[in-house]
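Accompanying notes for the structure given below.
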Amino acid sequence: MKTAIILHGMPSKKEYFNSKSQAQSSKHWLPWLQRQLILKGALAQTVELPEPYKPVYKKWRSAFEQFILRKDTMLIGHSCGAGFLVRWLSENKKIKVGKVALVAPWLDPDHWLKTGFFNFTIDPNLAKRTHELIIFVSKDDNCEMLKSVKMLKETLKGGNITVKEFTDKGHFTFGDMKTEKFPELLKALIS
């Protein structure tokens, strides 16, 4: 059975502790994607990452590594979750996985985060250990995400890399997309 792991991004502390707000793993397109992958026969999990408003790599790694990865496991990350996947895959060079989707990846190019989360070097051969690495970016997103995508494009070599560019999806959140559906991502994962 195919598996998929879906990682959310980094909310503000105010958003995280808002009692009227959904859990991070239940926001935007994440639950819709999880359900669609399940309907396609993949055991899909959305992970609730610890203290996402001030991410600490060791804590996120501990939560992520509870899951078993196989060569057909799909990995999907949004924003900081995508940045986490880049770091984790860069540091675990013996791991091979299925498709990896980085949605609005954030690698903190301006060194805003002070937790050491992004203190690593991107492995240029990372994509070679995936079935396909797909980067989703929208030109109307924050400049930090656009810089992060540029870093990935300049660093990653070889492998099957696809960049899907949009002009109107913002940061790929419900507020920007005005929908909880993300058919372009689903199609990229199951094609």
Side-chain angles (χ1 to χ4, degrees), residues 4-40 42 44-57 59-60 63-64 74-88 99-115 117-118 133-153 162-190:
I5 301 170
I6 307 167
L7 303 179
H8 61 75
M10 182 182 86
S12 68
K13 189 173 184 177
K14 181 180 179 182
E15 177 187 355
Y16 183 77
F17 284 104
N18 181 347
S19 63
K20 295 179 182 175
S21 181
Q22 295 171 306
Q24 295 307 303
S25 62
S26 297
K27 286 189 167 188
H28 313 302
W29 44 266
L30 281 72
W32 176 84
L33 179 65
Q34 178 187 22
R35 181 70 180 139
Q36 297 307 307
L37 290 172
I38 289 169
L39 293 172
K40 300 286 184 190
Q45 304 288 330
T46 55
V47 182
E48 194 65 32
L49 297 163
E51 299 177 324
Y53 53 89
K54 62 171 185 179
V56 174
Y57 180 73
K59 291 179 180 180
W60 281 35
F64 178 74
M74 293 176 272
L75 300 176
I76 303 99
H78 178 241
S79 193
C80 192
F84 168 84
L85 290 174
V86 172
R87 178 173 178 177
W88 193 89
K99 291 188 178 185
V100 175
L102 307 174
V103 180
W106 182 55
L107 298 169
D108 195 19
D110 294 332
H111 310 290
W112 174 82
L113 199 58
K114 304 298 181 204
T115 64
F117 197 88
F118 290 110
L133 182 87
I134 312 155
I135 301 170
F136 286 80
V137 61
S138 187
K139 293 183 180 185
D140 61 338
D141 199 350
N142 181 296
C143 67
E144 287 257 322
M145 303 331 139
L146 301 178
K147 287 179 186 177
S148 295
V149 169
K150 184 179 178 192
M151 288 169 58
L152 290 168
K153 286 179 173 180
T162 304
V163 178
K164 302 225 179 241
E165 292 187 356
F166 299 85
T167 57
D168 61 349
K169 303 269 189 220
H171 194 53
F172 296 89
T173 61
F174 179 81
D176 291 333
M177 296 170 69
K178 307 293 186 245
T179 181
E180 293 174 344
K181 297 179 181 178
F182 195 171
E184 300 90 344
L185 174 56
L186 178 63
K187 182 179 178 183
L189 290 169
I190 62 172

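Atoms considered below: every heavy atom in the structure, side chains included; atoms not considered: hydrogens, waters and symmetry mates. The residues of the chain are indexed from 1 along the displayed sequence.
The side-chain heavy atoms of Leu189 and Leu33, taken from C-beta on, include a pair separated by under 4.5 Å. Taking the side chain as every heavy atom from C-beta outward, Pro55 and Leu49 never approach each other to under 4.5 Å. Counting heavy atoms from C-beta on, the side chains of Val149 and Pro105 come closer than 4.5 Å. The closest side-chain heavy-atom distance from Phe182 to Val103 is below 4.5 Å.
The pair Glu180-Arg35 does not count as a salt bridge, with every side-chain nitrogen at least 4.0 angstrom from each carboxylate oxygen.
Applying the salt bridge (charged side-chain N to carboxylate O under 4.0 Å, His left out) rule to Lys59 yields the partners Glu51; only residues at least two apart in sequence or on another chain are considered. With sequence neighbours excluded, the residues satisfying ring-ring contact (aromatic ring centres under 6.0 Å, His included) with Phe118 are Trp106. Not counting sequence neighbours, the partners of Lys147 by the salt bridge (charged side-chain N to carboxylate O under 4.0 Å, His left out) test are Asp110.
Interatomic distance, Leu75 CG to Phe84 CZ, rounded to the nearest 0.5 Å: 9.5 Å. In this structure, CH2 on Trp32 lies 10.5 Å from CD1 on Ile6, to the nearest 0.5 angstrom. Rounded to the nearest 0.5 Å, atoms NZ (Lys40) and CD1 (Ile190) are 4.5 Å apart. The OG atom of Ser25 lies 10.5 Å from the CD atom of Gln45; values are rounded to the nearest 0.5 Å. From Asp168, atom CG reaches atom CG of Asp140 across 6.5 Å, with rounding to the nearest 0.5 Å. Residue Leu185 holds its CG atom at 10.5 Å from NZ of Lys99, rounded to the nearest 0.5 Å.
Shown here for Asp176 and Lys169, the closest heavy-atom pair between the two residues is CB-O, 3.3 Å. In plain terms, the two heavy atoms of Trp60 and Pro50 that are nearest each other are NE1-O, 3.0 Å. The two residues Pro52 and Gly9 make their nearest non-hydrogen contact at CB-O, 3.9 Å. Annotation for Ala4 and Leu37: closest pair CB-CD1, 3.8 Å, computed over non-hydrogen atoms. Closest heavy-atom contact between Leu146 and Lys139: CD1-O, 3.8 Å. Of all the heavy atoms in Lys164 and Ile134, the pair that sits closest is CG-CG2, 4.0 Å.
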Inset, instruction - Take Met10 and Leu113, measure what side-chain contact (heavy atoms from CB on, under 4.5 Å) needs, and give me the verdict at the end. - result: CA-CA 11 Å; Met10 182 182 86; Leu113 199 58; 4.1 Å; yes
Inset, instruction - Take Leu107 and Leu152, measure what side-chain contact (heavy atoms from CB on, under 4.5 Å) needs, and give me the verdict at the end. - result: CA-CA 9 Å; Leu107 298 169; Leu152 290 168; 3.8 Å; yes
Legend entry - Residue pair Asp108, Glu144: steps toward the side-chain contact (heavy atoms from CB on, under 4.5 Å) verdict: CA-CA 7 Å; Asp108 195 19; Glu144 287 257 322; 3.8 Å; yes
Inset, instruction - Applying side-chain contact (heavy atoms from CB on, under 4.5 Å), run through Glu15 and Lys27 and close with a yes or a no. - result: CA-CA 12 Å; Glu15 177 187 355; Lys27 286 189 167 188; 2.5 Å; yes
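Using bins of under 30°, 30° to 60° and over 60° for the plane-to-plane angle, the ring pair Tyr53/Tyr16 lands in the tilted bin. Below 30°, between 30° and 60°, or above 60°: for His28 and His78 the angle between ring planes is between 30° and 60°, a tilted geometry.
A donor-acceptor pair is defined here as one N or O able to donate and one able to accept, closer than 3.5 Å; no such pair exists between the side chain of Trp29 and the backbone of Phe174. A donor-acceptor contact shorter than 3.5 Å links the side chain of Ser138 to the backbone of Gly170.
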